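Working notes for the structure below.
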Amino acid sequence: MSNQLNPAQKAAVRYLDGPLLVLAGAGSGKTRVITQKIAYLISECDVAPRHIAAVTFTNKASREMKQRVSQLLGKKNMKGLRVSTFHTLGLDIIRQELNALGLKTGFSIYDSADSLALIKELMRKAFGDHGDQADQMQWRISGWKNAFIIPEQATGLAEDAQGHASARVYEAYNHHLRTYNAVDFDDLIMLPVMLFRDHAEVLEKWQARIHYLLVDEYQDTNATQYELVKQLVGIRSALTAVGDDDQSIYSWRGANPENLALLNEDFPQLKVIKLEQNYRSSGRILKAANALIGNNPHIFEKRLWSDLGYGDPIRVIRCKDDEQEAEQVVHELMHHRFRNNNKHKDYAILYRGNHQSRQFERLLRQHQIPYYLSGGTSFFAYTEIKDIMAYLRLLSNPDDNNAFVRIVNTPRREIGPGTLEKLANYSDQRENSLFTSCFEIGLQHHMSDRAYQNLNTFANWVISMAHQAENSNPIEAVKNLINDIRYETWLIDSCKDEIIATRKMDNVKELTTWLERMHKKAPEATLADLVSKLILLDILDRDDEEKGDCVSLMTLHAAKGLEFPHVYLVGMEEELLPHRNSIEQETIDEERRLAYVGITRAQQTLTLSLTAQRKRYGDTTDCEPSRFLQELPQEDLQWTGTGIEVNKEEQHERGMSHLATLRGMLTPEG
DNA sequence: TGGGGTGATATTTTT
DNA sequence: TATCACCCCA
C-alpha cells in the first residue's frame with residue numbers, strides 16, 4: 001500500500017467546512033484517513049492536540065490509532081490529543097463532573113458480571129425467585145440504557161405487567177448502583193448525556209474543550225452514543241464520522257446503523273465522501289462481496305473496486321458432515337500452506353457461532369498446527385483476579401457492596417452467611433451500604449458480639465488500608481494488602497493442585513505488574529483511577545502482537561476489522577448463516593452483512609465450506625446450502641467436495657429432497 | 001466447601 | 001449431545 005492518499009481519501013482529510021460522513025468500504029483505508037486527518041489538523045491547521053478527540057469502540061482500535069498518529073507526528077507533538085473509546089471518554093467526563101452527577105470520588109465501575117449479580121439479587125428480593133431470568137433482565141436494562149430510556153420512560157412504555165415489573169427492576173437497579181457509588185458500562189455513556197442535557201454550562205465547557213471530533217465505526221453507535229456525539233459537536237459541527245453501513249453487525253446490541261442516515265437529517269449541510277478503492281482483496285473477492293451485498297437495501301450506494309488483480313477462483317467445499325468439513329478444510333489449509341510456503345498466521349477460519357470451532361480445534365491439534373482461538377475467558381473472569389480487584393475497589397469505594405460481599409470472608413474472617421444476612425437486612429432497612437452499616441451502633445443488637453466484632457475489625461482494616469493507598473505509593477499499598485491477607489497461602493490451601501495455585505498467583509502478580517506499569521505512566525493517578533482504567537481495558541488485548549505464528553479461529557463478529565491472506569468461511573448453510581433466529585425474525589440483511597464482513601476479510605484466496613448434515617442438539621439434521629451462496633457470482637465459484645459419493649446412496653433413500661438442488665449446484669451450468 | 005447429581009438450554013458480545 | 005449453572009449432601 002502506498003503512502004500517498006488517493007483523491008477521495010485526500011478530500012476526506014482536507015474537508016473542514018462542516019460535518020463530514022466518510023463512507024469507508026471494507027479495506028479502503030479508513031484508519032489512515034482518520035489518522036492523517038488528525039495529523040493534518042495539528043500540523044497544517046494549527047489545531048491544538050488537546051482540542052481534538054477521536055473516538056473508537058475498542059481499545060485495540062484506539063491503540064492502533066494512537067500508534068499511527070505518533071508515527072506521523074512524533075509523540076511530543078500529540079500531547080493532549082484525546083484518542084479513546086467511547087467508554088473511556090465517558091469515564092473522563094464523569095470523573096470531572098462527579099458532584100453534578102451525585103457520585104463520590106473513587107466510584108466503582110461494575111462490569112457485566114457485577115451488574116448481573118446485582119440484578120439477580122434484586123429480582124430475588126422483589127419477586128421471590130426469578131433469579132434465573134436475570135440475564136434477560138440485564139439485557140433489557142442495557143437495551144434501555146443504550147436507547148437513552150430512563151426508568152420512568154420504561155415504565156411509561158410498559159405494555160403489560162411484566163413490562164412494568166421489568167421497569168421497576170431497572171429503577172431499583174439504578175438506585176442501588178448509586179447507593180453503592182457505582183456505575184455500569186452503559187452508564188459511562190448515559191450519565192454524561194443526561195448531565196449535558198440538564199446542565200448547559202457543563203456542556204459548554206466540554207464543547208470548548210473539544211473543537212474537532214472524529215468518530216470511527218460510526219454505524220456501530222447506539223442512540224445514546226449518537227446523542228453524546230451530537231451534544232459535543234454542538235453548533236460548531238466540526239465532526240468527521242467514518243463508517244460503513246454494510247459492516248453493521250451489532251444492531252442486536254443496540255447499534256443503530258440508521259444513525260448514518262440520521263446524520264443526514266440532523267446536519268443538513270452534511271458532506272458525504274465515499275471511499276471505494278479497496279487495498280485489500282483481489283478483484284474476484286470484491287466482485288463476490290459486491291454481488292452479495294447488492295441484495296441489501298442501501299441508503300448510500302457504493303461499489304468497491306481494487307487494482308490488485310483478479311485472483312484465484314473462490315472455492316466451495318461441499319462436505320458430508322461437520323466432522324468431514326473440519327477434516328477437509330484443515331487438510332486443504334495444510335497443503336496450501338505447504339505448497340506456497342506460507343505462514344500459519346496467513347490463514348483464518350471464520351464461522352458464525354462459537355460452537356463451530358470445536359471440530360476445527362480438534363483437527364488442528366491432531367495435526368499439531370498452532371492456532372489462536374479468539375474469545376476465551378477474559379482475564380477479569382478469573383476468580384483470583386476478581387478477588388483482588390474487589391479488594392482494590394473496596395479501598396477506593398467502601399460502599400461497593402459487590403466488592404464487599406465478595407471478599408469479606410475471603411480469606412476467612414469468620415464472617416459467615418448468617419452474619420452477612422443480618423448485616424444485609426440491617427443495611428437494607430437503613431438504605432446504607434454494607435460497609436457503612438458495619439459502624440452503626442444499632443447493628444450490635446442484631447447479631448452476636450463475636451460477629452459484630454469480626455465485622456468491625458474487617459471494616460477498620462479496610463479503612464487503614466485505604467488510608468495507606470491514599471497516602472503512600474498505591475502500588476506498594478497493593479502489594480502490602482496482598483501480603484496482609486496472605487492471599488498466596490489462601491490460594492495454596494484452597495487449591496488441591498499446587499500447579500493451579502501457582503498459576504493463580506502468577507495471574508495476581510501479572511495484575512500488579514500492570515498496575516505498576518500504569519502507575520509509572522501516570523504517577524499522579526490514584527488507586528481508584530488505576531482500577532477504573534484497568535476495568536475498561538481488557539488485559540487480554542495484549543497478546544495481539546505476541547500471538548505468534550498461528551492459524552486464527554474466530555467468529556465473524558470477532559473478525560471485523562482484521563484481514564488475512566487466506567480465509568476459510570465455514571458453515572455456509574441455511575439456519576447457520578443466515579442463522580435460524582434471523583430467518584424467523586426476518587433480519588436476513590444483517591446476516592448478509594455478516595457474510596460480507598467474512599468475505600471481505602480475505603486478501604488473496606477465499607474458501608467457503610458447507611455440509612449436508614450437521615450434529616445439532618444431539619441428533620443429526622440435514623442442511624441446505626446458504627441462500628448467500630446463490631447470491632454470489634456462480635462463474636467465480638469452483639465447487640469441490642468428497643462428500644458427493646456418500647450422498648448418492650442416501651439420495652435414493654431420501655427421495656431426492658434438497659440434495660437434488662445441491663447436486664444441481666455442483667455441476668457448472670447446472 | 002466442594003463435588004457430584006440434576007435439569008435447563010443451546011447466536012453474535014467492542015465496553 | 002455437551003455444557004453449565006445450581007442445589008444438595010457429606
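Quick note on labels: first sequence line is chain A, next is B, and so on, each numbered from 1. Bear in mind that the values here come from a model prediction, so they are computed numbers and not experimental data.
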Practice problem: Give a yes/no on whether any side-chain N or O of Lys560(A) is located under 4.0 angstrom from OP1 or OP2 of dT13(B). | Solution: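 It does not, given that no N or O in the side chain of Lys560(A) lies less than 4.0 Å from OP1 or OP2 of dT13(B).
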
Practice problem: Hey, could you give me the OG1/CG distance between Thr221(A) and Leu228(A), rounded to the nearest 0.5 Å? | Solution: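 It comes to 10.5 Å.
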
Quiz prompt | dC4(C) to dT13(B) separation - P atoms, rounded to the nearest Å | solution =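 Per the computed distance, 15 Å lies between those P atoms.
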
Self-check item: Nearest-Å distance once atom P is located in both dA5(C) and dT12(B)
Solution: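 It works out to 15 Å between them.
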
I'd like a list of close polar pairs between nucleotides 6-11 of chain B and the protein, N/O only, cut-off under 3.5 Å.
from    : atom 1 : to        : atom 2 : distance (Å)
dT11(B) : O4'    : His579(A) : NE2    : 3.2
dT11(B) : N3     : Asn581(A) : ND2    : 3.4

Quiz item: Among the nucleotides dT3(C), dT15(B), dT14(B), which one has an atom lying closest to any side-chain atom of Asp220(A)?
Solution: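 Of dT3(C), dT15(B), dT14(B), dT14(B) is nearest to the side chain of Asp220(A).
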
Self-check item: Rounded interatomic separation in angstrom, taking NE2 from His87(A) and P from dT13(B)
Solution: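 Spelled out: NE2 on His87(A) to P on dT13(B) is 16 Å.
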
Practice problem: Quickly work out the Gln138(A) CD to dT15(B) P distance and round it to whole Å. | Solution: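 That distance rounds to 16 Å.
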
Quiz item: Does Arg486(A) make a cation-pi contact with Trp490(A), if we ask for NZ or CZ under 6.0 Å from the ring centre and within 45° of the axis?
Solution: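 The answer is no; the distance or angle limit is not met.
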
Quiz prompt | Contact list for DNA chain B against residues 244-256 of chain A - heavy-atom distance below 4.0 Å | solution =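 Per residue number, the list reads Tyr250(A), Trp252(A), Arg253(A).
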
Exercise. Could you name each residue pair satisfying salt bridge (Lys or Arg N to Asp or Glu O under 4.0 Å) that touches residues 81-93 of chain A, not counting sequence neighbours?
Key: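 Found Arg82(A)-Asp92(A), Asp92(A)-Arg95(A).
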
Exercise. Would you confirm whether Asn507(A), through its side chain, and Lys504(A), through its main-chain N or O, come within 3.5 Å as a donor-acceptor pair?
Key: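 It does not hold such a pair.
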
Quiz item: Is the backbone of Gly571(A) close enough, under 3.5 Å, to the side chain of Glu325(A) for a donor and an acceptor to pair up by distance?
Solution: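 The answer is yes, because a donor-acceptor pair under 3.5 Å joins these two groups.
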
Practice problem: Answer with base, sugar-phosphate or nothing: what part of the nucleic acid does Arg593(A) contact at a heavy-atom distance below 4.0 Å? | Solution: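 Counting heavy atoms under 4.0 Å across all strands, no contact is made by Arg593(A).
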
Practice problem: For residues Gly106(A) and Asn181(A), report the shortest heavy-atom separation together with the two atoms involved. | Solution: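 Looks like C-ND2, 4.2 Å.
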
Quiz item: Can you tell if the side chain of Ile583(A) reaches within under 4.5 Å of the side chain of Arg627(A), non-hydrogen atoms only?
Solution: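 Ile583(A) vs Arg627(A): side chains touch.
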
